[in-house]
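To find a chain, count down the sequence lines: A is the first, B the second, and so on, and within it residues start at 1.
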There are 2 protein chains.
Amino acid sequence: MKVINEQIEIDGIDKQILRALMNDARTPILSIARTIGISGAAVHQRLRKLEDAKLIVGSKFVINPKILGYKTMAFIGVYLDKAMRNPSAVKELQEIPEVMESHYTTGNWSLLIKILCKDNEHLMHILNHKIQAIKGVSRTETFISLNQQIDRQIKV
Amino acid sequence: MKVINEQIEIDGIDKQILRALMNDARTPILSIARTIGISGAAVHQRLRKLEDAKLIVGSKFVINPKILGYKTMAFIGVYLDKAMRNPSAVKELQEIPEVMESHYTTGNWSLLIKILCKDNEHLMHILNHKIQAIKGVSRTETFISLNQQIDRQIKV
DNA sequence: GGTGAAAGTTAACGGAG
DNA sequence: CTCCGTTAACTTTCACC
């Protein structure tokens with residue numbers, strides 16, 4: 001692992017370790033070590049370094065929201081009044097649990113957000129009573145995801 | 001845990017287990033059990049049921065792409081020719097490692113995709129030489145994410 | 001960079017209330 | 001659903017190369 005500025009370069013062994021854990025965070029370190037052909041302690045050390053370098057942010061269980069009844073995903077372009085303080089709008093968005101992502105973006109919108117709702121009725125409720133209720137939100141454009149084909153992390 | 005159609009309803013204990021593991025997939029089952037005040041075997045059984053119900057999809061290490069030099073995220077609205085077979089376009093998108101998400105959406109675009117690039121130059125290259133090169137892609141609209149404030153999973 | 005061993009935890013299973 | 005006990009496997013740290 002080589003540090004260049006605030007970036008790092010990782011070697012093939014780091015990549016093998018990361019690939020295994022990005023695929024299944026509970027893969028035992030020892031089994032990774034055996035696959036690669038080095039000792040568990042070595043894998044452990046490398047992981048510590050990758051964490052120190054902040055490359056590894058954490059680990060998560062991934063759940064399927066559909067099983068809990070969340071079946072409608074949508075992207076919403078949000079127009080904010082110029083005068084408004086955007087940070088307060090973002091703070092209010094953060095209070096809405098259905099909001100999964102929020103980005104400041106270039107282009108027409110101020111924000112692009114991704115939300116997850118149970119159904120279209122739920123989506124409409126969030127739009128009309130939660131998003132539109134936020135001060136500074138003047139208009140929104142909604143794009144419902146009919147089907148997601150790709151969902152992955154960057155390849156290492 | 002109650003099964004209703006293909007959906008399930010989970011109780012407070014399931015939620016505590018899921019919250020712990022969604023937050024850190026490597027949390028030992030025994031420590032979760034101690035926190036809740038039940039036995040490790042009980043947590044183990046519940047996890048098996050949640051997996052059987054397909055609520056738990058898997059677990060992942062989350063990495064920070066910026067540390068590897070991927071600093072530009074963008075959303076791209078893709079217009080596909082009506083005549084084109086969309087599946088083949090999606091298949092070609094899948095071959096582009098920079099594409100993190102792809103959705104069929106309602107609205108003007110056929111597809112909305114999320115891509116992750118090293119910088120704007122890299123983004124332009126992907127746009128002009130990879131995305132536009134796909135048969136059926138007539139036009140694209142790009143929104144660069146200047147800043148992401150929210151990134152999370154559904155709350156359980 | 002890497003190793004191997006030791007100590008302490010944990011996972012996973014079966015049996016039983 | 002819970003608890004307990006057992007064994008095998010794993011994590012973590014250490015001195016050392």
- Taking for each residue the nucleotide of DNA chain C with the nearest heavy atom, is it A/D14 or B/L30 whose nucleotide lies nearer the 5' end? A/D14
- Note on the structure: From NE2 of B/H44 across to P of D/dG5 the rounded distance in Å is 19 Å
- Using a 4.0 Å heavy-atom cut-off across all strands, classify B/M1 as base, sugar-phosphate, or nothing. nothing
- Query: Between B/I29 and A/K49, who's closer to the 5' end of DNA chain C by nearest nucleotide?
  - Reply: A/K49
- Sugar-phosphate, base or nothing in reach of B/R34, heavy atoms under 4.0 Å: sugar-phosphate
- Task: Looking at every strand, decide which applies to B/R48 at a 4.0 Å heavy-atom threshold: base, sugar-phosphate, or nothing.
- Result: nothing
- Message: Considering every strand and a 4.0 Å limit on heavy-atom distances, what is the contact class for B/I32: base, sugar-phosphate, or nothing?
- Response: nothing
- Item | Candidate nucleotides D/dT2, D/dC3, C/dT3, ranked by approach to the side chain of A/S39 - the nearest | C/dT3
- Taking the side chain from A/S138 and the backbone from A/Y79, do they hold a donor-acceptor pair closer than 3.5 Å? yes
- Item | Pi-cation contact, B/Y70 with B/K118 (under 6.0 Å, within 45°) | yes
- Lys/Arg-Asp/Glu bridge criterion (N-O < 4.0 Å) met for B/K114, A/E101: yes
- Rounded distance in Å - CG (B/L50) to P (D/dC1): 10 Å
- B/L127 CG to B/H122 NE2 distance, which is reported to the nearest 0.5 Å: 10.5 Å
- Query: Between B/A42 and A/G40, which is nearer to the 5' end of DNA chain D once each is assigned its nearest nucleotide?
  - Reply: B/A42
- When you measure from the side chain of B/I13, which nucleotide among C/dT3, C/dT10, D/dT2 comes out closest? D/dT2
- Quick one: label A/A41 by what it contacts on the DNA or RNA (base, sugar-phosphate, nothing), any heavy atom closer than 4.0 Å. base
- Query: Of all the nucleotides listed (C/dA12, C/dG2, D/dT2), which has the minimum atom distance to the side chain of A/Q45?
  - Reply: C/dG2
- Take the protein atom CG of B/L47 and the nucleotide atom C1' of C/dA11, then report the distance between them rounded to whole Å. 12 Å
- Note on the structure: Taken to the nearest whole Å, CG/A/D24 to P/D/dC10 is 13 Å
- Item | Gap between atoms CD1 and P, on A/I38 and C/dG4 respectively (whole Å) | 12 Å
- Query: Do A/F75 and A/L146 share a hydrophobic cluster, counting only Ile, Leu, Val, Met, Phe, Trp and Tyr and linking them when any side-chain heavy atoms are less than 4.5 Å apart?
  - Reply: no
- Message: When you measure from the side-chain N and O atoms of B/R26 to the phosphate of D/dT11, is any distance below 4.0 Å, counting only OP1 and OP2?
- Response: yes
